[in-house]
Amino acid sequence: MTPDPITELSTKVAAGDARAIARAITLVEDDGPSGRELVSQIYARTGRAFLVGVTGAPGTGKSTLVDRLIAEIRRADAKVGVIAVDPTSPFSGGAVLGDRVRMNAHASDPGVFIRSMATRGHLGGLARATSDAALVLDAAGTEVVIIETVGVGQDEVDIVSAADISIVLLVPGAGDDLQAIKAGVMEIGDIFVVNKADREGADRVVQAVASNLSLKTYGPSEWKPPILKTEATTGAGVDALWTEVGRFREWAATHRQERRRQRHESRLRDVLAYSFLQHVDGVLSPGDFDRFVEAISHRTRDPYSVVQEIMSRVLSRS
Ligand SMILES: Nc1nc2c(ncn2[C@@H]2O[C@H](COP(=O)(O)OP(=O)(O)OP(=O)(O)O)[C@@H](O)[C@H]2O)c(=O)[nH]1
Ligand SMILES: [Mg+2]
C-alpha cells in the first residue's frame, strides 16, 4: 500500500528534504485540512528547535543581522531556518527582494533554509501561520529557527512573543527609541540591539533604552535584558550577541518553563476559538452574519442576543 500524500510529505520533512519542507510550509500557510493533518503528523517530532524572534522598524538591518547570525550558527554546525515575514504592509519600505539578496551568502548551504512569508492573506492569522511554519522546520531537525518581522503591528508583536527569545533592533536616528516604545516592543525584548553602531548617536539610543528599562525593578533571578551594539554590515558585535542569546537560553531553561506552558495554553485557546468560528460559519446560512452585523449597527439587535441566537443554533446542530 502506498502511503497517503500527507504521510509521505511528513516523512520527507522529517528526513530534512528541502523541497518537502517548502511544500509543507505552503500547505500550513494555506490553512486547510491538509495543513492541519500535516501538523498533527509531525507534532510529536517537534519541540526541540530554539525559536529566535528578531523585530525592529523597517530598515533597521534585521535581514543583514540575521544573515550574520546564520553564519554564527553554522560555525557550530547547527541547522538553521529563517522565516522572514515580508514587509508588504503600507508601513514599511518593503525590501522584499532585499531580504533574499542579503541572505544569499547561504543560499547554497543545505544546512540553511530561508523562507519568506507574506503578511497578507492569512485568514487564520499570521502568528498561527508562522508558528506552524516553525513547526515544520522543527520537525525537519532545524536546531534554530529565526523569525524576522517588522515590528509595526500587533501581529508582529504576537509572532515575536511566541518565540523563545525576542531580539529587538533599534538604530540611531530621530525618535527611534520612542518608536519602539510606542509599538509595545519594549515589553517583549529579551535582548536589545542597537544596530548601525557605526552611526552617530548609537550610545544615546543605548542610554534611552537603559533608562526605559530602569523603570522596572528586576529580582535577582529575573532576566534583565542586555543592550548590545552591533554593526551588521561588518559583523562587529554579532558574536557577542550570539553569546548573549546562549546565556539567555540557559537561563530560560530553568526560569521560563511557565512561559512555555502559557504559550501552549494561548495557542490552544487561539486554535479552539478559530475552529469554533469556522464551525459557526458552517452553521449559519450565507448572508446571516452580515445581516446580524447590519442589525447591530442599526441598533435593532444587540451583540449579546445575537451571540445567544448563534450559540443556540450551533448547539442544536452538534
Ligand atoms: N551603516 C550601516 N548600515 C547597515 C547596518 N546594518 C544594515 N545596514 C543597512 O541598512 C539597510 C537595511 O538593511 P536590511 O537588513 O534590509 O534591514 P531590514 O530591517 O531587514 O529591512 P526591512 O526588512 O525592509 O524592514 C541596508 O542598506 C543595509 O546595508 C549597519 O550596521 N550599519
Ligand atoms: Mg528585512
Side-chain angles (χ1 to χ4, degrees), residues 51-73 80-107 112-120 126 129-130 133-134 144-160 163 165-180 182-185 188-189 191-206 209 227-242 244-245:
L51 267 60
V52 179
V54 175
T55 195
T60 42
K62 299 177 292 296
S63 300
T64 315
L65 185 74
V66 168
D67 191 60
R68 294 283 176 184
L69 288 175
I70 294 173
E72 284 295 323
I73 297 161
V80 57
V82 178
I83 302 164
V85 179
D86 270 349
T88 45
S89 74
F91 305 101
S92 81
V96 175
L97 275 174
D99 279 331
R100 284 162 202 145
V101 171
R102 271 186 275 283
M103 292 179 207
N104 245 1
H106 306 283
V112 180
F113 185 94
I114 298 170
R115 169 72 170 233
S116 49
M117 192 174 268
T119 46
R120 297 244 168 98
L126 184 61
T130 40
V144 180
V145 177
I146 304 178
I147 304 168
E148 175 192 333
T149 75
V150 177
V152 284
Q154 188 57 45
D155 256 357
E156 284 83 3
V157 170
D158 286 350
I159 293 168
V160 173
I165 184 168
S166 309
I167 300 176
V168 172
L169 249 71
L170 301 155
V171 287
D176 273 309
D177 43 336
L178 265 179
Q179 196 176 1
K182 256 193 263 167
V185 291
I188 62 162
I191 296 180
F192 290 91
V193 170
V194 179
N195 189 41
K196 306 198 183 183
D198 51 310
R199 291 199 177 161
E200 145 76 27
D203 289 323
R204 279 201 304 278
V205 183
V206 171
V209 177
I227 311 159
L228 304 173
K229 287 195 286 186
T230 59
E231 206 182 308
T233 35
T234 61
V238 176
D239 52 348
L241 168 60
W242 193 241
E244 279 303 300
V245 172

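Excluded from the calculations below are hydrogen atoms, water molecules and symmetry mates; all remaining heavy atoms, backbone and side chain alike, are included. One-based numbering, in listed order, for ligands and for the atoms of each.
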Q: Give yes if a backbone or side-chain nitrogen or oxygen of Glu231 is under 3.5 Å from a nitrogen or oxygen of ligand 1, and no if not.
A: no
Here the atoms of ligand 1 under 4.0 Å from any heavy atom belonging to Pro58 are 25 (O)
Under 4.0 Å between heavy atoms, the region of Thr234 that gets near ligand 1 turns out to be neither
Taking every heavy atom of Ala163 against every heavy atom of Gly53, the minimum-distance pair comes out as CB-N, 3.5 Å
Review point. Checking only N/O/S atoms, does Ser63 have one that is under 2.8 Å from the Mg ion (ligand 2)?
Key: yes
Q. Considering distance alone, does some N or O of Thr230 sit under 3.5 Å from an N or O of ligand 1?
A. no
Taking only non-hydrogen atoms of Ser63 and a 4.0 Å limit, the atoms of ligand 1 in range are 15 (O), 18 (P), 20 (O)
If you compare Thr60, Leu65, Thr64, Thr233 by their heavy atoms, the one closest to atom 4 (C) of ligand 1 turns out to be Thr233
One should read off an interatomic distance between Asp203 CG and Ile227 CD1, to the nearest 0.5 angstrom, of 11.0 Å
Quiz prompt | Flag, side chain of Arg68 to backbone of Thr233, donor-acceptor distance under 3.5 Å | solution = yes
Glu148 heavy atoms within 4.0 Å reach ligand 1 at atoms 20 (O), 23 (O)
Quick look: Val150 vs ligand 1, heavy-atom contacts under 4.0 Å, and the answer is side chain
- Is there a donor-acceptor pair closer than 3.5 Å between any side-chain N or O of Thr230 and the backbone N or O of Gly237? no
Candidates Gly56, Gly59, Ala232; heavy atom nearest atom 22 (P) of ligand 1 found on Gly59
Note: Thr60 and Leu169 closest approach over all heavy atoms is O-CD2, 3.7 Å
For Asp198, the ligand 1 atoms with a heavy-atom partner under 4.0 Å come out as 1 (N), 2 (C), 30 (C), 31 (O), 32 (N)
Residues Pro172 and Val194: closest non-hydrogen pair is CD-CG1, 4.3 Å
One should read off an interatomic distance between Ile147 CD1 and Ile83 CD1, to the nearest 0.5 angstrom, of 5.0 Å
